[in-house]
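Each chain gets a letter, A, B and so on, in the order the sequences are listed, and its residues count up from 1. Just the heavy atoms: all of them, side chains too, but no hydrogens, waters or symmetry mates, feed the values below.
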2 protein chains.
Amino acid sequence: MSGPELITNPQVQRTHQLMLDAARELLSENGPGAVTHLRVSEMSGVARATVYRHWPDRADILLDLLRGGADLHLTPPPEGIPLADRVTILLRTLATSLNGDSGRILTAMIGLAEWDEDVFAALERMRAFGPTLLRDILAAGRDDGSLVARTNIDLLMDVLIGPLFLQRLLHHAEITNAYVDDLVATTLGPCLAE
Amino acid sequence: MSGPELITNPQVQRTHQLMLDAARELLSENGPGAVTHLRVSEMSGVARATVYRHWPDRADILLDLLRGGADLHLTPPPEGIPLADRVTILLRTLATSLNGDSGRILTAMIGLAEWDEDVFAALERMRAFGPTLLRDILAAGRDDGSLVARTNIDLLMDVLIGPLFLQRLLHHAEITNAYVDDLVATTLGPCLAE
DNA sequence: ACTTGAGTGAGACAGACCGTATCATGTATG
DNA sequence: CATACATGATACGGTCTGTCTCACTCAAGT
């Protein structure tokens, strides 16, 4: 149901995907509270009993969604260009993800993770991927002398990512490329070696 | 029920407060999904029908909570001290609020506001107070020459506040005074006029 | 102190949702 | 074609929801 067991039966795959699509739309359109066995059944056309067979517990549906759902689609920026450009490219990609559906799923995760340890674990798993890319870029920049040696990389990461989350989650504002550019110039700029 | 109509009857005030306290504990302990007419009734000892009389809709309970609930208890820092110190004091206060119960309520608000416009309106109302203090401090600093003239105050605010939200909401980490100090030194430092 | 009006407590009620079980039907695999 | 399994459809008891009624309590004004 929720483990990493492979599903080979095409019939199972089909219904599972139908329900998952319906659940994703419900989450994005109406929030976590709308992701119910009944509503998933109605929206997907799959029988209600079948929804229960795939996910006995309501939270399992959300967890299955959240597993790959908040995938931020981050790709490593090209090498051989200035550090600031690499960071800008990465943050622009992150901003695009946050502006889109991933932002809504992430919002749902954050709201749920406060009181559900399973969702919190899923959130931690997601966090492990994205920031690692940024950390590697900054660490490489410190090692090759692009950044001043005393730079606090963890804090710098927070300073670069935090405002994006603030814009998206609290202010509900679209994150523009110009905003990312200003952000990098303001925060990363002073840390660059001359 | 939900408007700014004054309640004078002491009997009404008493039951209203009992239910509100119960609702706040439910929200803080078990999340927004737990704030139900039934559970508020059970926890407060007030009859279920009475809970319905005060808040016909379930969302009304939450809105009543959120109205003053995420109060960040920010007080203006003293004047006559360096700008960086004023900012540090204010952010430390904000961090303390976020570490406590206000952080949980804020998390709930953010999660709900994505799909509920009433909650979003309540969130906007809350946002109007806190950041204004920081903005005034920074604006005063720019006017008296503490900050370099070309400083982007809006962005600087995001850079100062964003990491705190990131720590609290995404990382579920306690925000220490040392973190605030590092944050101010890293982000505000380069903007200070020499 | 008495009366009046409003608020509350307790219980009943239908309706909807939840979770499970059953059985007939449809589908994948040998 | 035969078997095993997944699904669809339906039924069931249980719980939650929202509303109503009626007796009781409490805060007013007379």
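Closest approach to the Thr50(B) side chain among dT7(D), dT8(C), dA9(D) is made by dT8(C) (side chain taken as heavy atoms from C-beta onward). Comparing dT17(D), dA10(C), dA6(D) against the side chain of Tyr52(B) picks out dT17(D) as the nearest.
Applying the 3.5 Å distance criterion, the base of dG9(C) shares a donor-acceptor pair with the side chain of Arg53(B).
Glu42(A) has its CD atom 7 Å from the P atom of dC17(C), to the nearest Å. The distance between atom CH2 of Trp55(B) and atom P of dT8(C), rounded to the nearest whole Å, is 10 Å. In this structure, the CZ atom of Arg39(A) is 10 Å from the P atom of dC18(C), given to the nearest Å. In this structure, His16(A) atom NE2 and dT7(D) atom P are separated by 10 Å, rounded to whole Å. Atom P of nucleotide dC18(C) and atom CZ of Arg58(A) are separated by 9 Å, given to the nearest angstrom. Computed from coordinates, the Arg14(B) CZ to dT8(C) C1' distance equals 10 Å when rounded to whole Å. Nucleotide dT17(D) holds its P atom 6 Å from the CG atom of Leu38(B), rounded to whole Å.
An OP1 or OP2 oxygen of dT8(C) is reached within less than 4.0 angstrom by a side-chain nitrogen or oxygen of His54(B).
Taking the six-membered ring for Trp and thresholds of 30 and 60 degrees, His37(B) and Tyr52(B) have nearly parallel ring planes, at less than 30 degrees apart. The aromatic rings of His16(A) and Trp55(A) are tilted relative to each other, their planes meeting at an angle between 30° and 60°.
Using a 4.0 Å cut-off between charged nitrogen and carboxylate oxygen, Arg39(A) and Glu25(A) do not count as a salt-bridge pair.
Side-chain polar atoms of Arg135(A) and Thr132(A) form no donor-acceptor pair below 3.5 angstrom.
The nearest heavy atom of DNA chain C to Thr36(A) and to Ala49(A) marks one nucleotide each, and the one closer to the 5' end goes with Thr36(A). Place Arg48(B) and Gln11(B) on DNA chain C by their nearest nucleotides, and Gln11(B) ends up nearer the 5' end. Both His37(B) and Pro10(B) lie near DNA chain D, and the one whose nearest nucleotide falls closer to the 5' end is His37(B).
No more than 12 heavy-atom neighbours from other residues, nucleotides or ligands sit within 6.0 angstrom of NE2 on His171(B).
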